[in-house]
Trainee: 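This is the structure I want to talk about, given as structure tokens.
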Amino acid sequence: LDVALEDAAKQTKVDFVDSDAPAGHDACVPEAQRWIEGQQPQSTALAFHPNANAMKAQAKMILAALKKR
């Protein structure tokens with residue numbers, strides 16, 4: 001998906017900010033470090049989706065990219 005998004009950004013001449021969860025922020029780490037929620041038996045509503053930690057980190061990445069312009 002990231003490759004497709006980056007290609008679409010290039011084709012439309014807009015900036016692409018790669019905001020994937022870096023190592024150490026995947027669904028298998030403790031909750032405080034996690035950016036992605038894993039599958040949980042009690043709820044699949046948020047399975048493998050970014051959480052609030054990820055959204056905050058991604059916002060910082062986007063702001064940093066905008067400041068470089």
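Because only heavy atoms are used, hydrogens play no part in the values below, and waters and symmetry mates are left out as well, while side chains stay in.
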Trainee: Taking V3 as the starting point, is it possible to reach F16 by hopping between hydrophobic residues whose side chains are less than 4.5 Å apart?
Mentor: no
Trainee: For V29 versus D26, what's the shortest heavy-atom pair and its separation?
Mentor: CG2-O, 3.2 Å
Trainee: With sequence neighbours excluded, tell me which residues meet side chain to side chain donor-acceptor pair (under 3.5 Å) with D7.
Mentor: none
Trainee: Rounded to the nearest 0.5 Å, how far apart are CD of E6 and CG of D18?
Mentor: 7.0 Å
Trainee: Taking all non-hydrogen atoms of both residues, which atom of Q58 and which atom of M55 are closest, and how far apart?
Mentor: OE1-CE, 2.8 Å
Trainee: How far does NZ of K68 sit from CG of L63, to the nearest 0.5 angstrom?
Mentor: 12.5 Å
Trainee: What's the spacing between N53 CG and Q33 CD if we round to 0.5 Å?
Mentor: 10.0 Å
Trainee: Does any pair with a residue in residues 49-67 pass salt bridge (Lys or Arg N to Asp or Glu O under 4.0 Å), and if so which ones, sequence neighbours excluded?
Mentor: none
Trainee: By side chain to side chain donor-acceptor pair (under 3.5 Å), which residues pair with N51, not counting sequence neighbours?
Mentor: E37
Trainee: Show the nearest heavy-atom pair for residues W35 and A54, with the distance to one decimal.
Mentor: O-CB, 3.2 Å
Trainee: With the side chain counted from C-beta on, respond yes when R69 and D15 share a heavy-atom pair under 4.5 Å apart, and no when they do not.
Mentor: yes
